[in-house]
Amino acid sequence: MNNALAITPPLPQAIAGEERRLLKEGTLADVLGSLGAVAVVSFAEYGHASHGAITGWAVGMLLLLGLQLAYPRLLARATDRQFLSGYAALGIVLGLAWAACAVLVRPDDFSYEAFVVLALCVIFTAGSVFNAHHLPVLYGFQLAGLGSLAVIYALRGGTIAWSIAAGFAILMWTLIGYGRAFHRGFVRAIELGFENARLVAELTVKTQALEQANVAKTRFLASASHDLRQPLHAISLLIGLLGERARGLGVEDLVQRIGQSTEAMESLLNGILDISRLDAGVERPELQALSVAALLARIERQFAPQAAARGLRLRLHAGPHWVRSDRVLLARVLDNLVANALRYTNEGGVLVGVRPHGEGLALEVWDSGVGIPADQLDAVFQEFVQLHNPQRDRSLGLGLGLSIVRRTAALLGHRIEVLSRPGRGSMFRVIVPRSAPAPDAVAAPAGAQTAVSVAGLRVLVIDDEAPIRFALQGLLQAWGCDCMAAHDGADALARLAGGMPAPQAILCDYRFEQGTGVEWVARLREQLGEDVPALIVTGDVTAGQLIDIAASDLPVMHKPVSPAALRNWLGRVALGLAVEASD
């Protein structure tokens with residue numbers, strides 16, 4: 001904050017700088033007006049004053065006005081204080097010079113003397129506006145000028161002279177009062193500008209601090225996520241291997257429970273991954289016609305067992321509607337809304353339905369849960385906010401679900417609305433554009449796996465974590481694959497050069513001490529002379545790494561990877577090889 005605020009000068013310095021600027025900018029106008037006044041007074045009084053005296057006064061005024069015009073240039077390098085002090089002295093001299101013209105006029109013709117008095121009143125009144133920018137200039141000009149005139153006429157004696165003297169004194173007092181009021185407004189305007197500049201500077205610093213904190217938070221979460229994903233990935237693979245080896249030993253239920261606990265940990269980390277992917281901007285919606293019935297059928301398959309286990313009713317009403325959206329991203333939004341509804345509903349149930357909403361359709365998730373206070377309806381969409389989980393129970397998630405919903409909906413251009421009554425429940429609504437039914441559109445069941453055998457498939461595993469290599473080798477061998485392992489890309493290249501059979505599929509980590517998984521896959525493909533199917537398996541979720549992987553067009557799975565998803569991908573590779581062989 002100190003660096004940003006140092007740009008703004010202290011208030012007295014700012015006022016002095018502004019006073020100097022205005023005096024400098026107004027000098028030309030003031031000099032031109034004064035030259036006109038000198039010409040008028042000299043012309044009018046030339047026949048009623050000593051020619052030599054009036055000429056001398058006019059020449060003297062021209063010299064003073066020339067000095068005033070040149071003054072800003074002469075003191076261009078002076079400090080503001082020096083400039084203003086000199087201008088105040090110049091104001092005194094100019095005030096005395098203007099007053100001197102009253103001495104030159106013979107008082108034998110009252111009409112000409114009245115003209116001079118009127119002219120001087122106009123001159124000093126006009127000068128008060130210009131000189132009020134700096135009070136010492138105002139005081140010097142008015143006191144020296146009008147004060148001297150009041151004294152001159154007072155010394156002449158007589159009712160008329162004393163009246164004129166009193167008039168000059170009153171005018172002086174009035175103009176000084178007006179000038180002070182003008183100056184106070186002028187200074188207040190500077191103070192307000194100064195305060196606004198300070199507030200803007202503070203706001204800028206705080207905004208930058210918040211942005212830096214947000215970046216640091218994302219970086220921390222990405223780093224922590226990577227470090228947690230590595231052992232969790234190994235555990236997930238080992239559970240899959242354990243399940244393969246424990247068939248028929250009567251421990252299937254125990255293995256399943258361990259797997260469920262691992263899946264719960266995976267869901268927490270996937271929330272962080274979703275946030276990171278949205279922050280990185282690597283999500284690219286692929287809009288298509290989607291069947292609402294298929295979307296809701298998927299939700300029923302995924303969440304019905306969870307609702308039944310908690311004694312809740314999960315009801316779905318779809319109808320023959322179609323929407324235009326991204327299948328994966330819209331499913332993510334609905335999954336988070338339904339999971340959130342089930343998580344905070346203790347009795348009753350959850351209803352997922354669709355209804356017309358203007359030109360679009362509203363996909364709505366109703367629950368009979370705890371509800372949300374009206375003043376917290378916006379707060380629940382912030383990261384890590386859990387109104388009804390002060391004890392931070394991990395079974396209730398991390399508080400990322402609704403943040404992911406809002407960000408994903410914004411990416412899709414869908415509007416999110418929420419209604420809630422504390423103690424009665426909530427309704428979250430996603431407004432999605434309608435779509436005509438897609439021709440030949442058949443939605444594949446979520447999580448559907450290929451039944452193609454992967455036996456005999458040569459797979460190269462590249463990972464710098466020994467436990468992960470061990471678990472992958474054991475799992476792949478249990479599936480009948482011919483597995484080869486390397487601890488980094490250089491090791492894999494060396495093994496190929498040493499006679500290792502060419503792999504038919506590559507499973508590669510992303511982060512290595514030297515190079516990235518994307519770079520090593522490219523070098524391996526170059527050495528093999530063909531685009532061997534490759535899958536990046538990584539625990540990295542930082543923006544730069546996600547962007548790099550997305551730019552490579554390589555498929556990616558984020559650790560921990562479920563054995564089922566891994567086998568599904570290998571099955572597609574094996575199917576592609578079988579099709580090529582048959583051709």
Practice task
Given side chain to side chain contact (heavy atoms under 4.5 Å, CB included), test Met172 with Leu143 step by step and report yes or no.
Solution key: CA-CA 7 Å; Met172 178 185 68; Leu143 289 171; 3.6 Å; yes

Exercise for the section: Go through Val537 and Asp509 one step at a time and tell me if the side chain to side chain contact (heavy atoms under 4.5 Å, CB included) criterion holds. Expected result: CA-CA 5 Å; Val537 182; Asp509 193 10; 5.8 Å; no

Problem - Candidate pair Asp488 and Asp464, rule side chain to side chain contact (heavy atoms under 4.5 Å, CB included), full reasoning - result: CA-CA 6 Å; Asp488 60 19; Asp464 55 359; 5.7 Å; no

Problem - Evaluation steps, side chain to side chain donor-acceptor pair (under 3.5 Å), between Asp30 and Gln68 - result: CA-CA 9 Å; Asp30 187 63; Gln68 182 184 4; 2.8 Å; yes

Handout entry: side chain to side chain contact (heavy atoms under 4.5 Å, CB included) assessment of Arg180 paired with Tyr139
Key = CA-CA 10 Å; Arg180 286 170 57 86; Tyr139 295 150; 2.5 Å; yes

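Closest approach of Val333 and Val405 over heavy atoms only: O-CG2, 3.8 Å. Closest heavy-atom contact between Ala161 and Gly157: CB-O, 3.1 Å. Among all heavy-atom pairs drawn from Gly145 and Ala99, the shortest one is O-CB, 3.6 Å. Taking all atoms of both residues into account, the shortest heavy-atom contact from Val116 to Ala102 is CG1-CA, 4.4 Å. In this structure, Gly140 and Ile92 approach most closely via the heavy-atom pair CA-CG1, 3.5 Å. The minimum heavy-atom distance linking Ala409 with Ile416 is given by the pair CB-CG1, 3.5 Å.
Comment: Glu19 does not engage Arg21 in a salt bridge, judged by the lack of any side-chain N to carboxylate O separation of less than 4.0 angstrom. Looking at Glu519 and Arg523, no side-chain N of the basic residue comes within less than 4.0 Å of a carboxylate O on the acidic one, giving no salt bridge. Using a cutoff of 4.0 Å between basic side-chain nitrogens and carboxylate oxygens, Arg434 and Glu359 are not scored as salt-bridged.
Using a 4.5 Å cut-off on side-chain heavy atoms (C-beta onward), Arg77 and Leu75 make no contact. The side-chain heavy atoms of Ser34 and Trp98, taken from C-beta on, include a pair separated by under 4.5 Å. Looking at Leu171 and Cys121, their side chains come closer than 4.5 Å, going by heavy atoms from C-beta outward. You'll find the side chain of Leu120 reaches within 4.5 Å of the side chain of Cys101, heavy atoms only. Under the 4.5 Å side-chain criterion, counting only non-hydrogen atoms from C-beta, Leu363 is not in contact with Leu337. Annotation: side chain of Leu135 is in contact with side chain of Leu138 (closest heavy-atom distance under 4.5 Å). Two residues are said to be in side-chain contact when any heavy atoms from C-beta on lie closer than 4.5 Å; Val418 and Met427 fail this criterion. Between Leu96 and Phe141 the shortest side-chain heavy-atom distance does not fall below 4.5 Å.
Taking the six-membered ring where tryptophan is involved, the planes of Tyr71 and Tyr87 are perpendicular, since the angle between them exceeds 60° and thus also 30°.
We find the OG1-CG distance between Thr125 and Leu175 to be 4.5 Å, quoted to the nearest 0.5 Å. Put simply, CG on Leu118 and CD1 on Ile123 are 9.5 Å apart, with the number rounded to the nearest 0.5 Å. Atom NZ of Lys206 and atom CG of Leu199 lie 9.0 Å apart (nearest 0.5 Å). To the nearest 0.5 Å, atom CG of residue Leu149 and atom CD of residue Gln142 are 10.5 Å apart. Atom CG of Leu554 is separated from atom OH of Tyr510 by 10.5 Å, given to the nearest 0.5 angstrom. Rounding to the nearest 0.5 Å gives a distance of 13.0 Å between OG1 of Thr538 and CE of Met557.
For residues 161-181, every residue pair satisfying the ring-ring contact (aromatic ring centres under 6.0 Å, His included) rule, not counting sequence neighbours, is listed here: Tyr153-Phe168.
Remark: side-chain polar atoms of Ser85 are not paired, donor with acceptor, to backbone N or O of Gln82 under 3.5 angstrom. A donor-acceptor pair under 3.5 Å links the side-chain atoms of Ser420 to the main chain of Gly425, judged by distance alone. Proximity of a side-chain donor or acceptor of Asn196 to a complementary backbone N or O of Leu192 within less than 3.5 Å is detected. Counting only distance, with no hydrogens or angles, the side chain of Trp57 and the backbone of Ala97 share a donor-acceptor pair below 3.5 Å. A distance-only check finds a donor-acceptor pair linking the side chain of His183 to the backbone of Ala132 [under 3.5 Å].
Heavy-atom contacts from other residues, nucleotides or ligands closer than 6.0 Å to CD of Gln288 number more than 12.
Evaluation of the salt bridge (charged side-chain N to carboxylate O under 4.0 Å, His left out) rule for Arg188 yields Glu191 as partners, not counting sequence neighbours.
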